[in-house]
Amino acid sequence: MAQKNNTKKWFIAGGILVLLIGGTFIGRHFAGQGVNSNKVTTLKIAHTQNYAPYDYVDDKGKHTGYEVEVLKAIDKKLPQYKFDYTGTSDEDLLIGLESGKYDIGIKGAWYTKERAQKFIIPDDPIGASVIGFTIRKDDKEKFKDIDSFAQSSGKLVPISPQNAQWNVIEDYNKKHKEHTIDLKAAESFTMADAYAWVLEGRYDAYFDIKLSFEQAVKDKDGAYHKYADQLTWVPYKGIETYPLIHRNTSNKKFVKDYTKAIKEVKNDGTLAKLSKKYFGEDVFNYVTK
């Protein structure tokens, strides 16, 4: 009788042993599945390597600049992604994005219909580019803003229709039909030509990005600093800049994650902080809807 009881106990114990071993196997199996489901996706980020302070490679080989640092802040909020940065030329960035060599490109890019046809452009911008008019200092009381320039029939340096700046003036004219700016298509010319033409009186203003004016004219080491006593700049508004994203199914998922993350870094003050660090001011203050 005692022997039977021992046998029964052994089978019970064996059953427990089987359950323990089976449970361990199943636990490991599903744990392995969990690891696979949390796989980190690497996205290849291309940025312009000499467009400071937006995107550049510093003298220590570090990828940095306003837009790069915003993406680094976004990456911290998206553990399911790892961003791999490449500094490159503007041309390689665009060609590489179209071919799929890169997943994301940042270059201080404005929204255009042509770009939207080629790439995915998120609804939420990553930054802004402040644009306005380079004019003669003698005219600073006459041309205080874009409205006074239009109402005074100021002559604007021609703009290439392929340039996003063309669209900005065209949009202004559509909204202010009573006082439009004479918009002429440009032949090729250099920035030096534009500044010289304004000084000569051939034109009254050059539609210029604030950063470009500051680096080229105001900076003592700027290529056209010799014009600093004769030219000044007046603001119009901030034009939002966006990451350009290669069109494929997986990147559409990233756009949703980006949208959530960019709102978080905006709301927690990161965008304003980085803007003040790299531009000396919050460029979003110039953006109007």
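Sequence positions, counted from 1, serve as the residue numbers for this chain. Keep in mind the model is a prediction, meaning the values are calculated, not measured.
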Kindly state whether the ring of F279 and the ring of Y54 have centres lying under 6.0 angstrom apart.
->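 Centroid distance F279-Y54: below 6.0 Å, so yes.
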Please check if the distance between the ring centroids of F133 and Y206 is under 6.0 Å.
->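 Not under 6.0 Å, so no.
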Taking only residues two or more places apart in sequence or in another chain, which ones pass side-chain hydrogen bond (donor to acceptor under 3.5 Å, both in side chains) with N167?
->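 Counting only residues at least two positions away or on another chain, N167 forms no side-chain hydrogen bond (donor to acceptor under 3.5 Å, both in side chains).
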Out of H63, Q49, E67, which one pairs with D55 under the side-chain contact (heavy atoms from CB on, under 4.5 Å) rule?
->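 Per the side-chain contact (heavy atoms from CB on, under 4.5 Å) rule, the option paired with D55 is E67, out of H63, Q49, E67.
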Would you mind listing every side chain to side chain donor-acceptor pair (under 3.5 Å) that reaches into residues 211-225, with sequence neighbours excluded?
->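 Qualifying pairs: none.
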Taking atom NZ of K76 as the centre, report whether more than 12 heavy atoms of other residues, nucleotides or ligands fall under 6.0 Å from it.
->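 Check fails, neighbour count at 12 or below.
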Would you say K72 has more than 12 foreign heavy atoms packed within less than 6.0 Å of its NZ?
->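 Yes - once you tally the heavy atoms of other residues, nucleotides and ligands closer than 6.0 Å, there are more than 12.
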Taking atom types as modelled, find out whether [X] and [Y] have a side-chain donor-acceptor pair closer than 3.5 angstrom.
| X | Y | answer |
| --- | --- | --- |
| Y81 | D257 | yes |
| Y172 | E170 | no |
| D208 | T134 | yes |

Is N251 reaching over with its side chain to a backbone N or O of F254, donor-acceptor style, under 3.5 angstrom?
->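 Pair absent, no side-chain N/O of N251 close to backbone of F254.
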Side chain D124, main chain I262, donor-acceptor under 3.5 Å |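 It does not hold such a pair.
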Considering non-hydrogen atoms only, spot the tightest contact between T64 and E69 and give its length.
->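 The pair with the smallest heavy-atom distance is OG1-OE2, 2.9 Å.
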Can you spot which of K137, R136, K142 makes a side-chain hydrogen bond (donor to acceptor under 3.5 Å, both in side chains) with D139?
->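 Only match with D139 under side-chain hydrogen bond (donor to acceptor under 3.5 Å, both in side chains): R136.
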Tell me whether the guanidinium CZ or amine NZ of K155 lies under 6.0 angstrom from the six-membered ring centre of Y203 and within 45° of its axis.
->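 Verdict for Y203: a cation-pi partner in K155.
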L199 with F149, same ILVMFWY side-chain cluster at under 4.5 Å |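 Yes; tracing contacts between hydrophobic side chains, which count when under 4.5 Å, links both residues.
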Does anything in residues 81-94 pair up under salt bridge (Lys or Arg N to Asp or Glu O under 4.0 Å), and if so which pairs, sequence neighbours excluded?
->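 Of all non-adjacent pairs touching residues 81-94, those that pass salt bridge (Lys or Arg N to Asp or Glu O under 4.0 Å) are D90-K107, D92-K101.
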